[in-house]
Each structure stands twice: as structure tokens, then as C-alpha cells.
**Q** 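Right, I'll just put the structure down here and ask away after.
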Amino acid sequence: MHHLHHLSEQEIIRREHLQELRNLGIDPYPAAAFNVNATAEAIKQEFVDEAPEAFQDVALAGRLMVVREKGKVTFGELQDSSGRIQLYISRSDITTEDNTDLYDVVLKRLIDFGDYIGVRGFVFRTRMGEITIHVKELVLLSKSLRPLPVVKTRVNEASGETETYDAFLDPEQRHRQRYVDLTVNPQFRATFMTRSRIISAMRRFFDGKGWMEVETPILQPIHGGAAARPFKTHHNTLDMELYMRIANELYLKRLIVAGFDGVYEIGKMFRNEGMDRTHNPEFTSMEIYVAYKDYDWMMNMVEECLEYIACEINQGNPVIAFDQHEINYAGPYRRLSMYDSIKEYTGIDVSEMDEAQLLEVCKKLHIETDKSMGRGKLIDEIFGAKVEKNLIQPTYIIDYPVEMSPLAKKHRSKAGLVERFELFVNGKEVANAYSELNDPIDQRERFEEQLLLAARGDAEAMAMDEDFLRALEYGMPPTSGLGIGIDRLTMYMTGQHTIQEVLFFPQMRAEKS
RNA sequence: GAUUUCGUAGCUCAGUCGGCUAGAGCACUUGACUUUUAAUCAAGGGGUCCUGGGUUCGAAUCCCAGCGGAAUCACCA
């Protein structure tokens, strides 16, 4: 956006302040580093009145968020990455008798709420009991030309609770201007910090097992590995249609073919589908493949992994509340077959039914169907409508119909099923895993069945991937694979109800100019 | 994609049944104040009432269309 937006009165005033600072010889955007030796939270936690010696020379930097002028003395609040601490600035401390400009002009008039400043001084406690920095030196580090929303808080003396006034909570503004959101709403910073800790704990867990983090292509000539509609793009030099990946499964399996025992990738997937509070066009998934294992082993591994992550972010406690539910991530989780789960929640045994009978069941249960749906899809519809929402505590649904899972190995003892499980928490899927199909002839037939589904109108059916089949023909060891939706796991582990709250920059419509 | 609902100052919001020059708090400007804390006190400035049509003597308000947001539902993780 190149056009100048109409400047508000306050923006014009701040630009005037900027010019006046320059006229006084003060650079509003100085280049030199300002070295800090403390943070707001650390001081507030560590300062003790009996031993102030350790806090005689502290240096902090951050935004000046609240200013309370009181004549020749000013109180302010400095906000750094850790939190806020009060500043006490007295004119006689920062200026000389013959020139009080730094206080009377610069601080009181030209420095605005939201500016970045650096301060040096000593820590003390005011009469009102607040730990405060007595400022001896003050420098402007960066001028703010737009006024931030003014969110005020105070502690209610009766209840002891913090009350917020004029909160900045409009979702559109918060998401479009996340930098503003995170500046004035410190309560939302914690979610993103936890997200980071979830991912790093997961990495630590996998790395500790000796598995290798890898990267595979995002631009793919064939979109495989999942059922979803892709984004298309075009490479000019190759003059070639490419797809943004909807999954990385087929590439990770190629690496198992290549001889690695365990590979995993944490990265973005892209699906050109609807957006709502649990779906963003790009989302983060973790996929891992481990050779010589099966899905039973994988269920144990997932229990161990999620318990580890939960404890890492929750002070050693694997129980994390979501809504009114106390979700316990410590294993073992309940294991229930797909057919048994449908029987449990509908009373209907669909295990022996054919397509026509399943259509009847759907009709009876008021589930919409269409002609493109095969037997597996119909069973999935019934499951989605009647079972899924009931699975609050971590629950494995195991042994899916073969039609639903073209990349999973046929069940070792149950005909028509595959060795697959999905993990449900809070009524939603958070993980999906198989004993991977490594029989190249079977895999080719499954792809061919997908082509038939595509011909019936299933836009999400998988495409044939000849190179992947070639890899399997060279031989892939028995392998178990797992995918975990990182965004959804983060939602559940941070108590958030929308994916927008766990993404720094959720996709939005173009802003109108 | 469907339904419901919302869009007023930098921010949070009032604005009755259609009726004076569209309001409040915070923020901003000027002034007072050397331990305040939603600081206080005094004075002042600030508006494309989302956009475009329509009805009307008169529209922030009613009608139509559009743009944008939110909620619920449907599909996907």
C-alpha cells in the first residue's frame, strides 16, 4: 500500500514530535545498541528490600506504556519482553539546573506513549509499595508514530482481581495487527510461548530416540499422501504445474526406503479448502516414520510422547484442562475399533454391511450422502456424525475399512480392515497413524481404486504416484507412520478454541484499502 | 457455501419512535502538581456514522445492493 493514509490528529502530532526531537539534536532512531542487564519480571521477582545493593545499577529497555506526570516527577511503566515495571523519573535527577529540556520538553512532551526507551538507575520500593526503577539516565531508542490502543488495568481492592478497561479484543484487528495485539494484550503471549515449547519438546523427544529431522519438498508435481484439494502453482523455468503439498507422507516413506530407521518432519501443509475456527489454509503437521515398527508400537509411542510434552509445558502434570474437561495425556489411552465405536454410540453393527445397507443406515440417522461415497466414506460419515464428538479423553479408534485408507497395510487378521488408528481428544482428531503399506503391488491396486473414486466425482481422491511405487518396488521395511496436527494439539494444550489464536498470522481476506 | 448478526473519534462504546451543530470515558493539546498507579484538577481540539443507491421535508437510525468482521452449520486436519 503506497498511498498515504489520512493521518489522524494524533499521528500528525507524533510526526511533529519527531521533527522537534531532531531539531534538538536527538536521533529518534539511534543506531547504537543499548545494552540491558535486567528484565522487568526478574527485578520484580528478585528484589528484596533488605538487600538493595544488588540493584544499584540496572539497565532496561522497552516501550513506555503508561505515563503519570506529577509535576517535576513522572511515573511511567516500561514494558519489555518479560512484563512491566514502574519507572520513577525526577527532573532533578536527569537534568541540570540551567537546562531542564530533557525533562520539561523531551520527556513531558516529545516522548509519547508506546515509544521505545532505555533507562538506567536503581531499584527501590515506593510508598505505595511498588517495586520501581529510580531513573538516573533516560534515552529514546525508537519513536512510535501511531498510537497504540490504550488498555488500562487496575487491581480491584475488594476482590483482588485485575480488571481491564477498554480491552483491545476485536478478533479482526487482533489478527490483522498481531504486533499490536501482543503488545497490549500480554495474556495472549503465553499461548504462543507454549506453542513454541510444545514443538521444541516434541523435537527433543524424537531426537532423544535417535530419529532424524528432515525436510521434504513443499512444491510437488503430484499431490499425494492425503485426501484434500491442493493449491496449484507454476514453475516458469521448468514450465511445469506444481502443487503446494497437502502432505509429505510419500516423501518420508521414500526416505525409509533409502535406509533411515526413523525420520520426522515438522512443517507446513497447504489445503485449498474451507476456513473456519479449526482450519487455516496452511497448517503445521508433524509426520514421523519408524522402520521395523507397527501401529501397536506407535500407540505406545504416542502415549509416551504426549505425556512428555504435557508434562514439559505444565510443570510436570500431564492433566491439562480444556473447557470443563480435565484431559489426561498420560497413557494408556482407551482403544476402540471403528466398528465397535459405531456400535457403542448408535447400537448399529455396520461391520458386515455393504454399500446399499450403509446408505439405508445413513438415511435412518439423517446423515447426508452423495453418489461419490464408497463404503469406507459412508462408514466415516456415520462415525463423524455420531461417534467423534463423544471422544473427549484421549482415545484411539483403530482398524479402519480398507477403502478409507489407501496407504495403510491390510490388517494382519481382520479382513477388509487396515492397521490404522486415529487419536481423538476433545471430540476431534489430533493424530493419524498406520502400519504403512509396503507391498508395492497392493499399493498400486489401492491407487487404482482411488482413480475409480475420482472418476465417481471424489475431488479428494489420491492420484497415482509412479515414482513412489518404484521406490516401494525396491523394498521398504515394515514401518509405522504417524501424523499429528500441531495447531490442534496446541489449541488443546493451551485452552484455545480457534486455530486463529494459536497462529501468529492466520489467513485473512485482503484488507480493503 | 448457507443462516443470523454487527460496522459511530486513535481505543472501548452510547445514540430511544427517523427530528437542534452526533455524544461519553480513555487517548491527544495547553496549564497546575517532587512517591503516583484506571493519578488528580482546569480548559481545549478531534468524525467519510463501512461504501453506493433509495424512501423522506429530514437518515447514524428505515429499505436495497456491495465490502468487511463475528457466531452457528456443512466439508477438510
Side-chain angles (χ1 to χ4, degrees), chain A residues 6-14 16-17 65-77 84 86-93 103 108-109 112-114 124-130 132 134 145-156 162-176 180 184 226-230 246-247 269-287 367-368 370 377 380-381 384-385 422-424 428-432 458-460 483-489 491 497-500 508-513:
Chain A
H6 173 73
L7 292 178
S8 69
E9 178 194 34
Q10 294 187 43
E11 288 173 295
I12 292 166
I13 287 166
R14 283 175 181 235
E16 289 168 0
H17 290 171
M65 293 302 281
V66 179
V67 181
R68 294 184 286 275
E69 287 176 10
K70 204 175 177 303
K72 296 180 185 62
V73 73
T74 291
F75 292 88
E77 284 179 29
R84 286 190 185 184
Q86 179 167 267
L87 305 178
Y88 170 87
I89 308 164
S90 146
R91 187 169 80 174
S92 54
D93 283 325
Y103 186 89
K108 286 185 76 169
R109 217 159 58 70
D112 293 302
F113 153 68
F124 75 112
R125 191 183 290 273
T126 65
R127 270 183 222 156
M128 301 297 286
E130 180 151 352
T132 301
H134 188 127
L145 294 181
R146 282 180 189 255
L148 289 161
V150 183
V151 179
K152 295 205 167 190
T153 58
R154 80 164 169 191
V155 178
N156 183 313
T162 300
E163 296 174 340
T164 300
Y165 298 81
D166 298 338
F168 179 73
L169 294 174
D170 176 59
E172 180 183 9
Q173 293 200 71
R174 287 187 50 232
H175 298 154
R176 283 197 195 282
V180 172
V184 302
R229 281 177 290 165
I246 57 172
M269 305 298 154
F270 306 85
R271 297 189 183 177
N272 204 344
E273 295 179 335
M275 290 167 56
D276 59 28
R277 67 184 191 292
T278 54
H279 297 88
N280 195 62
E282 55 183 287
F283 63 100
T284 302
S285 97
M286 189 294 303
E287 292 221 10
I367 295 166
E368 281 184 40
D370 67 62
K377 186 79 178 163
D380 193 38
E381 291 290 319
E422 292 191 325
L423 174 63
F424 290 84
K428 292 279 189 180
E429 180 194 340
V430 298
N432 180 24
D458 185 345
E460 295 170 348
I484 292 180
I486 297 293
D487 309 291
R488 197 166 278 176
L489 181 68
M491 284 165 62
H497 291 80
T498 72
I499 196 169
Q500 286 78 20
M508 300 186 77
R509 268 176 225 281
E511 195 170 1
K512 79 177 166 179
S513 57

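Per chain, numbering begins at 1; letters A, B, ... match sequence-line order. Reckoned from all heavy atoms, side chains included, excluding hydrogens, waters and symmetry mates. Owing to the predicted nature of the structure, the values given are computational and were not obtained by experimental measurement.
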**Q** Can you confirm whether R277(A) is buried at CZ, in the sense that more than 12 heavy atoms of other residues, nucleotides or ligands lie under 6.0 Å from that atom?
**A** no
**Q** Once each nucleotide of nucleotides 69-77 of chain B is scored for protein heavy atoms under 4.0 Å, what B/S/- sequence comes out, 5' to 3'?
**A** SS-S-BBBB
**Q** Just compare C33(B), A39(B), U35(B) and give me whichever is closest to any side-chain atom of V66(A).
**A** A39(B)
**Q** Closest to the V150(A) side chain: U37(B), C11(B), A27(B)?
**A** A27(B)
**Q** Does a side-chain N or O from K152(A) land closer than 4.0 Å to OP1 or OP2 of A27(B), or not?
**A**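 The answer is yes; a side-chain N or O of K152(A) sits under 4.0 Å from OP1 or OP2.
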**Q** When we call it a touch if two heavy atoms are under 4.0 Å apart, what does H134(A) touch: a base, just sugar-phosphate, or nothing?
**A** nothing
**Q** Are A38(B) and Y165(A) stacked, with the base six-membered ring and the side-chain ring centres under 5.5 Å apart and planes under 30°?
**A**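 Stacking between Y165(A) and A38(B): present.
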**Q** Determine the Euclidean distance between corresponding C1' atoms of U16(B) and G23(B); express it in Å to zero decimal places.
**A**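 One C1' to the other, the span is 14 Å.
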**Q** Without decimals, in angstroms, what is the distance between D166(A) CG and C26(B) P?
**A** 9 Å
**Q** Please identify each residue that fulfils side chain to side chain contact (heavy atoms under 4.5 Å, CB included) with E381(A), with sequence neighbours left out.
**A** I367(A), M373(A), K377(A)
**Q** In terms of side-chain heavy atoms of R127(A), which of U35(B), C26(B), U34(B) is nearest?
**A** U35(B)
**Q** Please list, pair by pair, any protein nitrogen or oxygen found under 3.5 Å from a nitrogen or oxygen in nucleotides 42-45 of chain B.
**A**
unit_1, atom_1, unit_2, atom_2, d
G45(B), N2, E9(A), OE1, 2.2
G45(B), N3, E9(A), OE1, 3.4
G45(B), N3, E9(A), OE2, 3.4

**Q** Using atom NZ of K72(A) as one end and atom P of U34(B) as the other, report the distance to the nearest whole Å.
**A**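 Answer to the nearest Å: 5 Å.
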